[in-house]
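For reference, the structure discussed in these notes is given below.
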Amino acid sequence: MTSELSKTFDPAAIEQRWYQHWEDNGLFRPDRPDAEAYTIVNPPPNVTGSLHIGHALDNTLQDIMIRYERLRGKDALWVVGTDHAGIATQMVVERQLEAAQDKRTNYSREDFIAKVWQWKEESGGTITRQLRRLGCSMDWSREQFTMDPHFSDAVMKVFVDLYNDGLIYRDKRLVNWDPKLKTAISDLEVETQEIKGSFWHFRYPLADGVKLANGRDYIQVATTRPETMLADMAVAVHPTDERYASVVGKFVTLPITGRRIPILADEHADPELGSGAVKITPGHDFNDFEVGKRAGFAPGEMLNMLDAEANVSQTSDGLIPDEFLGLHRFRKDKVDGARELVVQRLKEQGFLIPHVTEQDGERTEHDAEPRTIQTPFGDRGGVVIEPWLTDQWYVDAAQLAKKPIEAVKSGEVEIVPKSWEKTFFNWMENIQPWCVSRQLWWGHRIPAWFNADGEIFVALTEEAAQAKADPDAVLTRDNDVLDTWFSSALWPFATLGWPNDPPQHGVGDHAQHGGGAGSVGREVPLHLPSGGPPPRSGEDLLAKHYPNNLLISGFDILFFWDARMMMMGRHLTGQNPWPRLYLHGLVRAADGQKMSKSKGNVVDPLGLIEQYGADALRFFMAAMESQGRDIKMDDRRVEGYRNFATKLWNATRFCQANGIAASTTLEAPAATSAVNRWIIGEVVETQAKLDQALADLRFDTAAGTIYHFVWDNFCDWYIELIKPGLGANFDAETKAVAGWVLDQILVMLHPFMPFVTEELWSKQGDRADYPLITAKWPEPRAKVDAAAKAEVEWLIALTSAMRAAKNELGIPPGTKLEAYLADPSDAAKTVIAGNQSAIERIARISAVHFEAAPDGAAMQIGVGADSFVVPLAGLVDIEAEKSRLTKALEVSAKEAKSLEGRLSNANFVDRAKPEAVEKAKADFAHHSAEVERLTAALERLG
RNA sequence: GGGCGUAUAGCUCAGUGGUAGAGCACUGUGUUGACAUCGCAGGGGCCGGGAGUUCAACUCUCUCUACGCCCACCA
């Protein structure tokens, strides 16, 4: 029973309906308690986010794997959720306040966080709705958020445990400070950019009348950051540098501040560079910090001349003149920045060494030498990062990295494509302590308390912290929150209920757990009332679905997320989060540029979905995803896959119009005709190739395989071949086989194009209780039928040869002709006898006579060993046929000659693989026969 | 400075140690009602340059060139 299809395929008309149907009926995770698990966790997009083209790629690939494994009968679970995205989300809400002439600091921490929650409730669902538009079959019934109570509990537990294990500690050192966002950020969040800047040279006068060996009373230093000289604490020279040996241990009187600072010997100073002497500002430069430490300065003594917004503030020795205080650290083209003022004062006082250029004999003096400077920027705030001395929390990443490194080395964890392994090792083996504290309000507040003396107590709750401290001590909770990636590193297992599955706490616990004890109780109640995902009765999700089977992510978050999941997963659960990590590239704009809002070349996936349908966009992503390469956006290609969907749609309409309905069997129906036996074999081969491609994570090969089967084999040949002659009906066998093949197509294509296939599946028969999404992946026991394959391929060759010949001779394609085959091969006799109707309709040969052709104009058609003669009786000029045959003769003659040369080469025959020799011989035989045949044909024409 | 990647038809991209493919574009043409979002036929490539290994290289090695990306403290 079928229901009629509309004339054309309209994606928009079916997508929403089917998605709703799947989701409402729980089909994204059908109850399969006894089935083998297959699990992927979705990289949680920022809750503030909206679907960009990269998400479309990432999620399409994941959905293909999930749908595929679901069809194969697995208990496929695709974990989905969103990330609270600390900085990004807080920025969004702050921007909204700004728009209303308001600001965060007008509110208490609690009230501001409540506002963020409110925003999340109102606007946070954008991306999850958009993922549905793409057709992603995630398990929404268990949607997660990184600040869900159970998730927050896990985060707190991890912090406390790692602290107790000595893997988290507090340290005072330089951090990457974002003066705009006023928070520390991690190394990974710093992006180095090349900026055109300047390089200034200064004289630092020697104190106490000391002179250099060359008689000078000053030391020359150079810098790209003059303003930091206000906090200089030393000048360093290389220990072996003769020029300065006599002044090591002596002092310099710093201009402007008059600070008396020592001259140190330190390996850091490079004698080859500039003057060989370098100014040391331990509080504002990572290298200088190390030099300072070696010189015996404690971090607490290092001078700090900037406030949190990187404006100049007084150093602890009080030596910075008032005129500098409060100035911006630098500000281009203005004197109101500290940088300009320092330069100006030094110049006035004669401490600036001008940079001299000579052009056309003309000497010009400049304040500074122009120079390209590698400058650090914050990836969120977009301003220059300031190395700043603060107390922060650090994770001992080097320790945690050990096991993951081993896991990848041993192959326990496979990175696909393998070329990323080197990058992975390089980063992991040189990993630095991970700064995880952020000076923000939105996020998981660090469970650490301080007493009045600054002593630290880390515990899950304030009560527990108090219990560790003096009972009378007044404890203050750390104000900082954790890096977002700290919590998302727990995603593969915390989403499954770790550490307890099912979650043990109830609603009442929220005020005490969930990221905040007491003082921040309001961080919790505004969301999910249920307190975590609903576990199915008796289901141990963690045991069944962890480790996951695969992770798919963009290579851009290999360090941010993937590596950290490996570190956390391995340490906390003792297992790798997944055995396989697939990294895909970036989706680029059509011109190859990276998409960015500022360039205005961002392609909106939803626009593409509206234009061509989600299926087409998905198929594009799959077809273009070859391992390890970026994808260039190409609308034309998306359009092509829309056409592909239409093609299938119309093939199905054809089936319907001819009583070809849903298959009643999983197994291939019994078939006697060659065409039917052939197509069954093609299904078998297609499925095998598809299975292999997906096992190898070759999405492009998989997509290409099903595409060509559908379009070339099924539509272009099979359907044409089975069409019965005039007025005749389809035989029962063909109807059964065609219906079965179409069903297999729908199943095999479903992971790539879920919507159109589900629609067609439903239209092919009354299968309301058997939707395609949970149908069964084909497992035909049929084998490829070699005889049928040879027969149909012979038929196809004959047809193609006839068409090409007619085309070249300008004979209308519809013309039916008679053919003569004087000395038919057995193969020819069999095929011709068994496919009368097809030969007439497809090859347009009305009759084949097994006898010599009558004299007269004719064209020659070669198929394998057989040579057809097709009389044309004045339809064509002999010259055209001659030239056609001559062209073909030349091609074969050239091939034959080349092969002959190879075969007469003793080295080739002796050393080449036997198969290669055999093939060369066969090819030579074929081309020689062609030469003979065509020569004879030409002779016949005179 | 270190590492990685890419250079194949006009465009976007596959590809294998045995002589090169797809989609789109292009040219010609339209045969029975699935489909013009289509069918059929066709043109088009010293597979970035050079050297080496091999009977044989687009495919392996080295090198050069161009482009891209990542990591790194050159003041």
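To find a chain, count down the sequence lines: A is the first, B the second, and so on, and within it residues start at 1.
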Basic-acidic side-chain contact under 4.0 Å: A:Glu267, A:Arg294
no

B:A34 P sits how many Å from A:Asn658 CG, rounded?
7 Å

Tell me the interatomic distance from A:Glu895, atom CD, to B:G18, atom C1', rounded to whole angstroms.
12 Å

Dump every N/O contact between nucleotides 72-75 of chain B and the protein below 3.5 Å, one line per pair.
residue: B:C73; atom: O2'; partner: A:Asn287; partner atom: ND2; Å: 2.8
residue: B:C73; atom: N1; partner: A:Asn287; partner atom: OD1; Å: 3.3
residue: B:C73; atom: O2; partner: A:Asn287; partner atom: OD1; Å: 2.7
residue: B:C73; atom: O2; partner: A:Asn287; partner atom: ND2; Å: 3.3
residue: B:A75; atom: O2'; partner: A:Ala222; partner atom: O; Å: 3.1
residue: B:A75; atom: N6; partner: A:Asp270; partner atom: O; Å: 2.7
residue: B:A75; atom: N6; partner: A:Leu273; partner atom: O; Å: 2.5
residue: B:A75; atom: N1; partner: A:Asp270; partner atom: N; Å: 3.0

Stem ranges for RNA chain B, with three or more consecutive Watson-Crick or G-U pairs under 3.5 Å?
B:1-7 with B:65-71, B:10-13 with B:21-24, B:26-30 with B:38-42, B:48-52 with B:60-64

Sequence neighbours left out, what passes side chain to side chain donor-acceptor pair (under 3.5 Å) with A:Asp232? Give chain and number order.
A:Tyr204, A:Lys279, A:Thr281

Using atom CE of A:Met753 as one end and atom P of B:U37 as the other, report the distance to the nearest whole Å.
17 Å

Quick one: salt bridge (charged side-chain N to carboxylate O under 4.0 Å, His left out) partners of A:Glu890, sequence neighbours excluded?
none

A:Lys723: partners by salt bridge (charged side-chain N to carboxylate O under 4.0 Å, His left out), with sequence neighbours left out
A:Glu720

How many whole angstroms separate atom NZ of A:Lys594 from atom C1' of B:C70?
10 Å

Within the 4.0 Å heavy-atom criterion, would you say A:Arg844 contacts the bases, only the backbone, or no part of the nucleic acid?
base

Who pairs with A:Arg588 by salt bridge (charged side-chain N to carboxylate O under 4.0 Å, His left out), at least two apart in sequence or on another chain?
A:Asp630

Please identify each residue that fulfils salt bridge (charged side-chain N to carboxylate O under 4.0 Å, His left out) with A:Glu900, with sequence neighbours left out.
none

Atom pair distance, as rounded to whole Å: CG in A:Asn650 and P in B:C38:
10 Å

Under 4.0 Å between any heavy atoms, over every strand shown, what does A:Glu639 touch: base, sugar-phosphate, or nothing? Just pick one.
nothing

For A:Glu429 and B:C70, give me the distance from atom CD to atom C1', rounded to whole Å.
16 Å

Mind checking A:Lys723 for me? I need base, sugar-phosphate or nothing, with any heavy atom below 4.0 Å counting as a touch.
base

Once side chain to side chain donor-acceptor pair (under 3.5 Å) is applied, do any residues pair with A:Thr652, and if so which ones, sequence neighbours excluded?
none

Give me each pair satisfying salt bridge (charged side-chain N to carboxylate O under 4.0 Å, His left out) with a member in residues 795-806 of chain A, each pair once, sequence neighbours excluded.
none

Ring centroid separation A:Tyr707 to A:Tyr641 under 6.0 Å
yes

Please identify each residue that fulfils side chain to side chain donor-acceptor pair (under 3.5 Å) with A:His268, with sequence neighbours left out.
none

Rounded to the Å, how far apart are A:Phe924 CZ and B:U19 P?
16 Å

Interatomic distance, A:Glu625 CD vs B:A22 P [rounded to whole Å]:
22 Å

Is there a donor in the side chain of A:Glu189 and an acceptor in the side chain of A:Ser186, or the other way round, less than 3.5 Å apart?
yes

Could you tell me whether A:Arg902 sits above the aromatic face of A:Phe908, with NZ or CZ closer than 6.0 angstrom to the six-membered ring centre and within 45 degrees of the axis?
yes

With a 3.5 Å cut-off and no angle check, do the side chains of A:His284 and A:Glu227 form a donor-acceptor pair?
no

So which protein N/O to nucleotides 11-14 of chain B N/O distances come out below 3.5 Å?
residue: B:U12; atom: O2; partner: A:Arg637; partner atom: NH1; Å: 3.0
residue: B:A14; atom: OP1; partner: A:Ser626; partner atom: OG; Å: 2.3
residue: B:A14; atom: OP1; partner: A:Arg629; partner atom: NE; Å: 3.2
residue: B:A14; atom: OP2; partner: A:Arg629; partner atom: NE; Å: 3.3
residue: B:A14; atom: OP2; partner: A:Arg629; partner atom: NH1; Å: 2.7

Give me, pair by pair, the N or O atoms of the protein and of nucleotides 39-44 of chain B that are less than 3.5 Å apart, along with how far apart they are.
residue: B:G39; atom: OP1; partner: A:Lys647; partner atom: NZ; Å: 3.3
residue: B:G39; atom: OP1; partner: A:Trp711; partner atom: NE1; Å: 2.3

Which part of the nucleic acid, if any, lies within reach of A:Cys655 when heavy atoms closer than 4.0 Å are counted: base, sugar-phosphate only, or nothing?
nothing

A:Glu720 side-chain proximity, nearest of B:G18, B:C4, B:U32:
B:U32

Using a cut-off of 4.0 Å on non-hydrogen atoms, how would the nucleic acid contact of A:Lys806 be classed: base, sugar-phosphate, or nothing?
nothing

Among B:U31, B:C4, B:C70, find the nucleotide with the atom closest to the side chain of A:Lys422.
B:C4

